[in-house]
J.: 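A single structure is presented below for examination.
The first residue in the sequence is number 1, and the count goes up from there. Each ligand, and each atom within it, is numbered from 1 in the order the structure gives.
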Amino acid sequence: QERSFIMVKPEGVQRALVGEVIKRFEQRGFKLVGLKVLVPSKDIANVHYGEHEGKPFFPKLVGHITSGAVVAMVWEGKDIVKTGRAMIGATNPLASAPGTIRGDFAIDLGRNIVHGSDSVDSAQREIALWFSPDELA
Ligand code: ATP
């Protein structure tokens, strides 16, 4: 079964949107196979956002994701990567459709509530980065 790494970012936790995000994935029919709350280290943030290293917004991006608790999750099901991205909505909330998580709860690119893996390959990489195998059902 396909898996994706989904993370509620610090602003989503602070705004008490964790239940809302989980509810949407459960309602859609996906299965929760991993979940934990943590304040990400600089190291894990640097690797997670490695593709953006060198870009002007990179320091802010890492500073933000390490600024507070996040909820890291692994969800499983048919086409979860693509469907999860569709449920989350476009990266820039100004372009995210109403009905998506970002389209319903965000207006700011740097505060877009939730992360979702953008391919099956990055899902595997991210799941291995954030979880050890014994933390997954
Ligand atoms: P995420 O990886 O968080 O799911 P994404 O895959 O939709 O988002 P990416 O292009 O991978 O988008 O960017 C990662 C994150 O970096 C975005 O969610 C956003 O918060 C931030 N970001 C992207 N581009 C910019 C930018 N130009 N200025 C500020 N922040 C940005």
J.: Give every donor-acceptor pair under 3.5 Å between a side-chain atom in residues 19-29 and any protein atom, sequence neighbours left out.
T.:
| unit_1 | atom_1 | unit_2 | atom_2 | d |
| --- | --- | --- | --- | --- |
| Glu20 | OE2 | Arg24 | NE | 2.8 |
| Glu20 | OE2 | Arg24 | NH2 | 3.3 |
| Arg24 | NH1 | Gly99 | O | 3.2 |
| Arg24 | NH1 | Asp104 | OD2 | 3.4 |
| Arg24 | NH2 | Asp104 | OD2 | 2.8 |

J.: Quick one: side chains of residues 77-92, donor-acceptor pairs under 3.5 Å with protein atoms, not counting sequence neighbours, listed by atom name and distance.
T.:
| unit_1 | atom_1 | unit_2 | atom_2 | d |
| --- | --- | --- | --- | --- |
| Thr83 | OG1 | Asp79 | O | 2.9 |
| Arg85 | NH1 | Gly116 | O | 3.0 |
| Asn92 | OD1 | Leu94 | N | 3.0 |

J.: May I have all residue pairs that pass ring-ring contact (aromatic ring centres under 6.0 Å, His included) and include part of residues 114-137, sequence neighbours excluded?
T.: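 Found Phe5-His115, Phe5-Trp130, His48-His115, His48-Trp130.
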
J.: If we ignore angles and hydrogens, is there a donor and acceptor under 3.5 Å between the side chains of Ser41 and Asp43?
T.: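 No pair is found: no donor N or O on one side chain lies under 3.5 Å from an acceptor on the other.
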
J.: In Å, rounded to the nearest 0.5 Å, how long is the span from CD1 of Ile113 to CG of Asp108?
T.: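 Between Ile113 CD1 and Asp108 CG, I get 9.5 Å after rounding to 0.5 Å.
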
J.: Can you see which heavy atom on Pro59 is nearest to which on Pro56, and at what distance?
T.: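 Reported closest heavy-atom pair: CD-O, 3.5 Å.
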
J.: Which protein residues come within less than 4.0 angstrom of ligand 1, counting heavy atoms only?
T.: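 Around ligand 1, where the cutoff is 4.0 Å for heavy atoms, the contacting residues are Lys9, Tyr49, His52, Phe57, Leu61, Arg85, Thr91, Arg102, Leu109, Gly110, Asn112, His115, Gly116.
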
